[in-house]
Enquirer: 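Provided herewith is a single structure, encoded as structure tokens, for subsequent inquiry.
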Amino acid sequence: MEQLPPRPGGPLPAATGTAVRQYGVLSWQQARAHGLRQTDIRCLLRGGEWGRPYRQVYAVRSLLPPMGSPDRLRSGVMAAQLALGPHAFAAGETAALLWGMQGLPRWDGREAHMVVPALGAQRHVTGITLHSWDTPAEELTEIGGCIRVTRPGRTLRDTLLRVDRDTAVCLMDSALNQGLVRQEEFEELERANRRRRGCVNVRRWWSLADSRSQSALETRIRLVCVDGGLPPDELQRRFVDGSGRTLAVVDFWWEASRLIGEADGLGPHSSPRALARDRERQNALQRWYPDARIVRFTWQDLRRPEYILAAVAGTGS
């Protein structure tokens, strides 16, 4: 197998330095600008040190972030941006994932939603979904020092037009909860979306958002209850002991039925330590609030909305 001779301070370290700053990827033009020859690049590809996610875009395999990590998404988006040119930017679902908005499926490691000005002049690129949205410069920003992306408000209004109601409300809740957008901005965002395909449906969804929701699971359980005529009275209700010390902050509270609801996602509640902590917390609640009933829901329960409603209503077995 051919190997490039080590040349400290030469073109390969310089090219690698650029890849480090770009989440493990660089373009053909960047590699050439650092002095790498076409034969050098072919050698790196044949030897497996580099990969080629897109034509004239290279990934330095040893620098790629772990699969499933936020930086791996940034690496994929950076590669797509290099493939499309300096004016391309991430938008829609991909931008929502970059901002950390909850509610969408985890990135599949392949597809990137991008916008390129003068889209008609662009060719099809496998693995990239191109959009022709007219996006003013003030609705764009940069994250990670090199990735061009729509700002959170623009990201939200583009993405809501492409998803179902429950996913849309998850995204809105998450954006509000993280401070990416403010509730006062919703009217302006809704107005900016008028006359776009799907805007009529989305118009009915803005009012369902709640900044107190801390996870997509909480949002989806809340929507089941809202649809079933049993909306919770409070989210993130604080309970204290006799001295005012906080015992727990619970996900849902129904005052009339003295009901506490908890959403148990796979992450925060699945480790042995977390399970023990939840058990202690629940025991303390039941000791100080013996008249309160506690129900817990998981992702699997969303497949049975009637079960959730029966548990809230107190008619479930």
Enquirer: Is it true that a side-chain atom of Gln178 and a backbone atom of Gly100 form a donor plus acceptor pair closer than 3.5 Å?
Expert: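 Present.
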Enquirer: Go through the side-chain N and O atoms of Thr167 and Asp164 and say whether any donor and acceptor fall under 3.5 Å apart.
Expert: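 Side chains of Thr167 and Asp164: pair found under 3.5 Å.
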Enquirer: Test of understanding: with side-chain contact (heavy atoms from CB on, under 4.5 Å), list the residues that count as partners of Asp241, not counting sequence neighbours.
Expert: Ser243, Arg245, Leu247, Trp288
Enquirer: Can you list the residues that meet the side-chain contact (heavy atoms from CB on, under 4.5 Å) rule with Leu223, with sequence neighbours excluded?
Expert: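 Residues passing side-chain contact (heavy atoms from CB on, under 4.5 Å) with Leu223: Arg165, Asp166, Val169, Leu208, Thr219.
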Enquirer: Salt bridge between Glu190 and Arg204, side-chain N to carboxylate O under 4.0 Å?
Expert: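 Not counted as a salt bridge, because no side-chain N and carboxylate O are separated by less than 4.0 Å.
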Enquirer: For Arg61, what residues pass the side-chain contact (heavy atoms from CB on, under 4.5 Å) criterion, not counting sequence neighbours?
Expert: none
Enquirer: Can you confirm whether Trp254 sits close enough to Val312 that some side-chain heavy atom of one is under 4.5 Å from a side-chain heavy atom of the other?
Expert: yes
Enquirer: Does anything in residues 141-161 pair up under ring-ring contact (aromatic ring centres under 6.0 Å, His included), and if so which pairs, sequence neighbours excluded?
Expert: none
Enquirer: Report, as yes or no, whether the 6.0 Å neighbourhood of atom CD on Glu187 holds more than 12 heavy atoms from other residues, nucleotides or ligands.
Expert: no
Enquirer: For a quick check under 3.5 Å, do Gln102 and Ser215 share a side-chain donor-acceptor pair by atom type?
Expert: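 No pair is found: no donor N or O on one side chain lies under 3.5 Å from an acceptor on the other.
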Enquirer: Going by ring-ring contact (aromatic ring centres under 6.0 Å, His included), name the residues that satisfy it together with Trp253, two or more places apart in sequence or in a different chain.
Expert: Phe239
Enquirer: Name all residues meeting the salt bridge (charged side-chain N to carboxylate O under 4.0 Å, His left out) criterion together with Glu234; count only those two or more places apart in sequence or in a different chain, and write none if there are none.
Expert: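 Only Arg237 meet the salt bridge (charged side-chain N to carboxylate O under 4.0 Å, His left out) criterion with Glu234.
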Enquirer: Determine, for Glu185 against Arg182, whether the closest basic-nitrogen to carboxylate-oxygen distance falls under 4.0 angstrom.
Expert: yes
Enquirer: Return the set of residues passing salt bridge (charged side-chain N to carboxylate O under 4.0 Å, His left out) with Glu218 (not counting sequence neighbours), or none when no residue passes.
Expert: none
Enquirer: Say whether Arg42 and Thr39, considering side chains only, have a donor N or O and an acceptor N or O under 3.5 Å apart.
Expert: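 Not at all, the side chains of Arg42 and Thr39 share no donor-acceptor pair under 3.5 Å.
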Enquirer: Determine whether a donor-acceptor pair (N or O, by modelled atom type, separation under 3.5 Å) exists between the side chain of Thr18 and the backbone of Thr16.
Expert: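 Checked: no pair found.
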Enquirer: Is the backbone of Gly198 close enough, under 3.5 Å, to the side chain of Asn201 for a donor and an acceptor to pair up by distance?
Expert: no
Enquirer: Who pairs with Asn177 by side-chain contact (heavy atoms from CB on, under 4.5 Å), at least two apart in sequence or on another chain?
Expert: Gln214
Enquirer: Name all residues meeting the ring-ring contact (aromatic ring centres under 6.0 Å, His included) criterion together with Trp28; count only those two or more places apart in sequence or in a different chain, and write none if there are none.
Expert: none
Enquirer: List for me each residue that meets ring-ring contact (aromatic ring centres under 6.0 Å, His included) alongside Trp206, sequence neighbours excluded, and say none if there are none.
Expert: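 Trp206 satisfies ring-ring contact (aromatic ring centres under 6.0 Å, His included) with Phe186 once adjacent residues are dropped.
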Enquirer: Is it true that a side-chain atom of Asn283 and a backbone atom of Glu280 form a donor plus acceptor pair closer than 3.5 Å?
Expert: no
Enquirer: Under 3.5 Å, sequence neighbours excluded: what are the donor-acceptor pairs made by side chains of residues 72-92?
Expert:
residue: Arg72; atom: NH1; partner: Pro65; partner atom: O; Å: 2.6
residue: Arg74; atom: NH1; partner: Tyr23; partner atom: OH; Å: 2.8
residue: Ser75; atom: OG; partner: Tyr23; partner atom: O; Å: 2.9
residue: Gln81; atom: OE1; partner: Arg148; partner atom: N; Å: 2.9
residue: Gln81; atom: NE2; partner: Cys146; partner atom: O; Å: 2.9

Enquirer: Thinking salt bridges, do Arg151 and Glu139 make one under a 4.0 Å N-O criterion?
Expert: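 Judged by the 4.0 Å cut-off on N to carboxylate O distance, Arg151 and Glu139 do not form a salt bridge.
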Enquirer: By ring-ring contact (aromatic ring centres under 6.0 Å, His included), which residues pair with His113, not counting sequence neighbours?
Expert: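 In terms of ring-ring contact (aromatic ring centres under 6.0 Å, His included), with neighbours along the sequence ignored, His113 is linked to His131.
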